[in-house]
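Structure, as structure tokens:
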Amino acid sequence: MPATRTFDSDDSDEFKGPAFKRSSASLKQNSMPTPSSSGNVQHCQKSTLKRPHVEDVLMVDTDDSDDDDKPLALRKKADDREFKRINAYNVDSDSEDEKPLSARLFKDAASPSGGNVSDDDDSDDDKTLAARFSLVTRNSVDMPIGPNNTALNGSASSAPRNSMKRPCDSNIQPSSALKKAKCTDSSASASSEDDGSDNVPLARRLTVGESSKRKPPAKDIAKKKKNKSSSSSKDNKKVVTKMKTEKVKSNSKVREASGGGKKWSTLEHNGVIFPPPYEPHGVKMLYNGKPVDLTPEQEEVATMFSVMKDTEYASKETFINNFFTDWSNILGKTHTIKKFELCDFTPIYEWHLREKEKKTQMTSEEKKALREEKMKQEDKFMWAFVDGVKEKVGNFRVEPPGLFRGRGEHPKMGRLKGRIRPSDITINIGEGAPVPVCPIPGESWKEVKHDNTVTWLAFWNDPINQKDFKYVFLAASSSLKGQSDKEKYEKARKLKDHIRNIRANYTKDFRSKDQVKKQIAVATYLIDKLALRAGNEKDDDEADTVGCCTLKVENVTCLPPNKLQFDFLGKDSIRYLNTVEIEPPVYKAIMEFCAGKNKGGHVFDKLDTTKLNAHLKDLMPGLTAKVFRTYNASITLDNILNKQTEDGSRPEKMNVYSRANKQVAIICNHQRAVPKSHDSQMTKLIEKIDELKAQRDEWKEDLERVKTGNPLAGDEDGKRKRKLTPQVLEIKISTIETKIKEMDITKTNREELKTVALGTSKINYLDPRITVAWCKTHEVPIEKIFSKTILAKFGWAMDVDPDFRF
DNA sequence: TTATCCACTTAGCATGGAGGGG
DNA sequence: CCCCTCCATGCTAAGTGGATAA
């Protein structure tokens with residue numbers, strides 16, 4: 001397959017045409033990129049799938065003293081040049097370009113117009129820019145902490161608490177003891193003292209309460225392999241329970257001593273649930289204009305393709321080629337269908353539309369009944385018992401067959417992802433626990449293991465990439481996950497104590513004679529300042545994306561005197577475009593690294609993630625590249641919340657939170673596609689605002705007239721208005737003004753957030769304790785910030801002390 | 001060493017149902 | 001009350017990074 005062919009809008013037609021003759025209409029091809037001329041073409045294409053974005057950012061450099069905690073990357077709008085370039089990238093879709101709202105947000109400095117809302121801090125930032133280095137410093141210096149002492153607490157904390165306690169509520173018998181332990185502890189205060197590695201009360205608390213597991217940080221050491229046997233006392237739940245309870249107290253110690261990577265003692269679950277078998281619909285597609293017969297298996301794959309008609313994949317050459325290759329295999333050599341161009345999948349597509357319609361036509365009762373039925377069937381798969389505690393299972397449904405939807409320009413997009421059968425699946429379960437019954441009669445599991453050094457309940461090999469695994473894990477709300485989540489944040493907090501040192505260290509090495517050292521220094525600097533990912537090496541059969549260690553010469557442009565422009569596709573083929581001012585020695589080093597290499601060469605040719613991480617580990621135990629992302633994200637949130645929250649209404653406070661959240665999202669480059677309904681939504685909002693303004697003006701005029709004794713102007717239909725007193729009018733006017741203001745804020749926020757994904761950082765990077773503490777201090781109900789599932793996931797963080805600081 | 005295996009976290013998108021506005 | 005957003009949730013791809021094999 002001609003993977004290299006470029007797609008311009010035309011191509012897409014070419015492909016789709018034949019396949020969907022009848023319904024030409026709907027295909028949307030707009031988003032297809034029109035490549036710009038330069039060498040970046042490929043990038044654009046890729047990125048377009050996902051919608052590129054720009055961010056021009058400016059980074060302020062911090063380095064100076066104090067800022068150790070500061071985030072580094074502040075983004076700013078860049079010069080026009082840059083904008084243009086960007087526009088060129090996305091031609092169609094965004095002509096108007098939204099640019100960086102994101103960027104804008106931060107600093108409006110650059111954007112004259114924009115100023116409306118928010119950003120208080122902008123000013124700071126701006127200056128900074130201007131001033132260049134100082135910003136950071138400033139930030140850190142500025143407001144001292146503030147608010148927290150206010151103590152509060154109360155209400156907020158209690159509510160959430162319960163919800164979280166999963167272990168407590170879980171039924172399973174055990175626990176009263178457990179329960180007690182846990183709940184009790186919870187009252188303890190939190191810790192502000194971080195790390196000490198583990199000594200924290202929190203940690204302790206968790207340990208006790210949560211089921212026993214806690215994985216000792218000390219992994220390694222113990223030669224895992226031994227798993228088998230060990231402690232499985234199992235069997236009788238009661239027994240288990242009892243043991244558990246007893247163990248609890250000493251638990252963590254014991255664990256550490258005894259066995260390194262032990263994750264659980266007893267594990268029970270019911271395995272996985274399979275998607276229903278394929279039900280043929282019998283609708284015949286056309287080949288060369290004539291209906292063709294397909295076996296159910298062949299029809300199934302044809303259907304998979306047909307229903308993707310209105311996605312972008314349907315017009316991608318790679319996708320089509322891969323699909324057709326795999327489908328042809330199923331059709332067999334002798335089948336009439338030989339050429340994709342002669343296939344017309346429309347009848348199947350239309351059948352699919354009808355089915356969809358039927359579904360939406362169902363009454364809510366029918367839907368509900370269906371749902372309940374499903375629930376009933378799935379209920380037993382939803383739960384597992386880990387060390388006697390009932391925990392939710394994450395993905396107990398085996399992935400159904402389908403066509404692979406890789407992101408970006410994935411070389412394997414469109415490949416058939418075949419049906420997974422029991423014989424593909426390995427089950428992991430406590431020794432002595434009943435092995436889940438294979439739900440498909442006559443078949444059996446590939447293997448049943450009893451490995452308590454891992455947390456997965458089952459896995460199979462990914463059919464698209466045999467060497468990859470798909471695991472069934474516990475849900476995020478489980479204590480096993482909660483525990484490791486907490487450890488992740490504790491590690492990031494620990495970095496706080498080392499960061500100054502680390503920065504000093506790499507700064508010194510910018511000029512090292514040792515090239516390896518120098519590259520490590522510069523790479524670390526970028527990871528720290530820009531929150532870049534580590535950048536593991538990738539195979540050719542994956543989308544071509546990069547991270548720090550895999551940056552290519554073509555991804556970095558040196559802009560004298562000391563700015564760098566980064567332009568590359570990162571994880572999920574999301575484009576990272578950012579121009580930053582860096583320290584001169586780094587600038588020099590980068591130029592030097594790039595010298596004499598061709599476009600595709602690695603900037604850091606003497607480096608890979610293993611070496612980098614090995615070095616980091618020397619600076620702080622457990623430190624790896626990704627810790628910097630967590631650290632920078634959380635410290636940024638903590639700083640902004642503490643500096644910028646003022647007394648005010650709840651919505652105002654929440655606004656501070658979301659601005660902070662947004663800044664983190666920008667630092668981490670968490671983007672999303674512009675919601676489909678964005679434009680129409682905006683239009684509506686604007687209309688609404690205009691209406692309100694008109695109303696306000698009318699009232700103002702009325703007020704004037706009433707005051708001066710003039711008669712009111714009549715309504716359109718000639719009726720006279722009821723006469724209002726000036727007081728009433730004034731109230732009305734002020735109410736409507738407020739409303740207008742609110743809507744303006746909504747409008748601005750929505751516009752600025754249309755390409756920013758806030759959820760990712762909230763779920764993965766921001767220490768929930770920061771949020772919880774802030775909510776307690778400022779009397780914002782935690783539910784306003786965390787959804788139900790997130791709340792469940794962060795149960796371990798709910799009882800944090802209001803004075804907690806990251 | 002480097003390549004591979006393995007385990008687990010992090011990511012954006014589609015969707016469907018709860019809840020808000022007309 | 002109904003429609004219609006809009007957001008939470010589910011899904012699964014795509015990263016990171018440790019350990020082991022070659």
Side-chain angles (χ1 to χ4, degrees), chain A residues 49-51 215 219-220 223-225 261 263 311-312 356 359-360 362 364 367-368 371 394-400 402 404-408 410 412-413 417 426 428 451 453-456 459 461-462 464-476 480-481 484-485 488 533-539 542-543 545-550 569-574 608-614 616-617 622-627 629-630 633 665 668-673 675-678 680-681 684 688 750 755-765 786-793:
Chain A
L49 220 201
K50 247 124 185 271
R51 164 216 42 312
K215 90 188 206 218
K219 42 218 150 185
D220 21 348
K223 247 16 212 195
K224 51 189 7 342
K225 253 23 231 172
K263 302 284 183 25
T311 68
E312 245 175 65
K356 220 160 99 183
K359 217 167 142 196
T360 57
M362 290 193 320
S364 50
K367 284 184 187 163
K368 198 170 154 205
R371 223 171 335 131
N395 51 328
F396 53 86
R397 293 179 197 89
V398 170
E399 294 175 16
F404 177 69
R405 297 155 91 109
R407 284 127 188 226
H410 196 117
K412 293 189 170 182
M413 65 169 80
K417 205 173 80 163
T426 298
N428 191 33
D451 184 353
T453 65
V454 296
T455 66
W456 52 267
F459 86 86
N461 287 95
D462 180 3
I464 293 297
N465 208 329
Q466 282 296 131
K467 62 182 206 293
D468 285 347
F469 302 77
K470 297 286 198 170
Y471 292 94
V472 173
F473 289 120
L474 292 175
L480 216 48
K481 293 282 194 194
S484 75
D485 210 28
K488 171 182 77 184
R533 295 188 181 83
N536 281 311
E537 212 58 62
K538 299 190 72 188
D539 285 350
E542 298 176 280
T545 61
V546 305
C548 184
C549 293
T550 42
L569 296 179
K571 182 177 179 179
D572 292 315
S573 292
I574 294 293
D608 59 37
T609 55
T610 306
K611 283 185 195 126
L612 180 66
N613 284 333
L616 294 176
K617 212 132 280 163
L623 183 62
T624 63
K626 78 189 253 258
V627 179
R629 273 169 79 80
T630 310
C668 296
N669 202 38
H670 292 146
Q671 300 188 207
R672 62 166 181 165
K676 283 197 266 308
S677 56
H678 178 81
S680 64
Q681 268 173 40
K684 261 181 222 165
K688 192 98 202 204
R750 181 165 301 177
T755 62
V756 180
L758 298 182
T760 309
S761 48
K762 200 182 270 186
I763 294 171
N764 302 299
Y765 289 103
F786 287 159
S787 69
K788 203 172 82 188
T789 23
I790 295 191
L791 227 35
K793 165 174 176 158

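Chain letters run A, B, ... following the sequence lines, proteins first and then strands; every chain starts at 1. Quick caveat: nothing in here was measured; it's all calculated off a predicted structure.
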Scan nucleotides 7-9 of chain C against the protein and return all N/O pairs shorter than 3.5 Å with their distances rounded to 0.1 Å.
unit_1, atom_1, unit_2, atom_2, d
C/dT9, OP2, A/S787, OG, 2.9
C/dT9, OP2, A/T789, N, 3.2
C/dT9, OP2, A/T789, OG1, 2.1
C/dT9, O5', A/T789, OG1, 3.3

Rounded to whole angstrom units, what separation is found between the [atom1] atom of [X] and the [atom2] atom of [N]?
X: A/D462; N: B/dC5; atom1: CG; atom2: P; value: 14 Å
X: A/I574; N: C/dA13; atom1: CD1; atom2: C1'; value: 12 Å
X: A/W456; N: B/dA7; atom1: CH2; atom2: C1'; value: 10 Å
X: A/N465; N: B/dT4; atom1: CG; atom2: C1'; value: 12 Å
X: A/E537; N: B/dC5; atom1: CD; atom2: P; value: 17 Å
X: A/K626; N: B/dA7; atom1: NZ; atom2: P; value: 17 Å
X: A/R397; N: C/dT12; atom1: CZ; atom2: C1'; value: 13 Å
X: A/N395; N: C/dG10; atom1: CG; atom2: C1'; value: 10 Å

**Asked** Is a donor-acceptor pair below 3.5 Å formed from side chain A/K470 to base C/dT12, judging by atom type as modelled?
**Response**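 In this structure, the two groups form no donor-acceptor pair.
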
Could you work out which one of [options] sits closest to the side chain of [X]?
X: A/N536; options: C/dG15, B/dC13, C/dT16; value: C/dT16
X: A/T455; options: B/dT9, B/dC8, B/dA11; value: B/dC8
X: A/R407; options: B/dT2, C/dT12, C/dG18; value: C/dT12
X: A/Y471; options: C/dT16, C/dT12, B/dC8; value: B/dC8
X: A/E399; options: B/dT10, B/dG12, C/dT12; value: C/dT12
X: A/F469; options: B/dT9, B/dC5, C/dA14; value: B/dC5

Polar side-chain atom of [X] near backbone of [Y] as donor-acceptor pair, under 3.5 Å:
X: A/D485; Y: A/K481; value: no
X: A/K412; Y: A/I464; value: yes
X: A/K762; Y: A/F786; value: no
X: A/N428; Y: A/W456; value: yes
X: A/D608; Y: A/C549; value: no

Hey, does the side chain of [X] come within less than 4.0 Å of [N]'s phosphate (OP1/OP2), counting only N and O?
X: A/K571; N: B/dT10; answer: no
X: A/T760; N: B/dG12; answer: yes
X: A/T609; N: C/dG17; answer: no
X: A/Q681; N: C/dC6; answer: yes
X: A/K538; N: C/dA14; answer: no
X: A/H410; N: C/dA14; answer: yes
X: A/K684; N: C/dC4; answer: no
X: A/T545; N: C/dG15; answer: yes
X: A/K417; N: C/dA13; answer: yes

**Message:** Within the supplied structure, the quantity of interest is the number of heavy atoms (other residues, nucleotides, ligands) at a distance under 6.0 Å from A/K617 NZ; does it exceed 12?
**Reply:**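 Enclosed.
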
**Neighbour count >12 (heavy atoms, 6.0 Å) for atom NZ, A/K367** =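 Result for NZ/A/K367: enclosed.
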
**Message:** For a quick check, with a 4.0 angstrom heavy-atom cut-off, what is the B/S/- contact string for nucleotides 14-22 of chain B, read 5' to 3'?
**Reply:** --SS----S

**Request:** Check whether any side-chain heavy atom of A/L758 sits under 4.5 Å from a side-chain heavy atom of A/H670, and report yes or no.
**Result:**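 SC-SC contact between A/L758 and A/H670 ruled out.
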
Quick one: label [X] by what it contacts on the DNA or RNA (base, sugar-phosphate, nothing), any heavy atom closer than 4.0 Å.
X: A/K617; answer: sugar-phosphate
X: A/K356; answer: nothing
X: A/G570; answer: sugar-phosphate
X: A/G535; answer: sugar-phosphate

**Message:** Using heavy-atom distances to pick each residue's nearest nucleotide on DNA chain B, tell me which of A/K467 and A/F473 is more 5'.
**Reply:**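 In this pair, the answer is A/K467.
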
**Asked** Taking for each residue the nucleotide of DNA chain B bearing the nearest heavy atom, is the 5' side occupied by A/Y765 or by A/F459?
**Response**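 Nearest nucleotide further toward 5': that of A/F459.
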
**Request:** Kindly write out the residues that satisfy salt bridge (charged side-chain N to carboxylate O under 4.0 Å, His left out) with A/K470, not counting sequence neighbours, or none if the list is empty.
**Result:**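 With neighbours one apart ignored, the set is A/E399.
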
**Request:** Measure the acute angle between the ring planes of A/F459 and A/Y471, then classify it against the limits of 30° and 60° as parallel, tilted or perpendicular.
**Result:**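 Aromatic pair A/F459/A/Y471 classed tilted.
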
**Message:** On DNA chain C, compare the nucleotides closest to A/N613 and A/V398; which residue's is nearer the 5' end?
**Reply:**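 Comparing both residues, the 5'-ward one is A/V398.
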
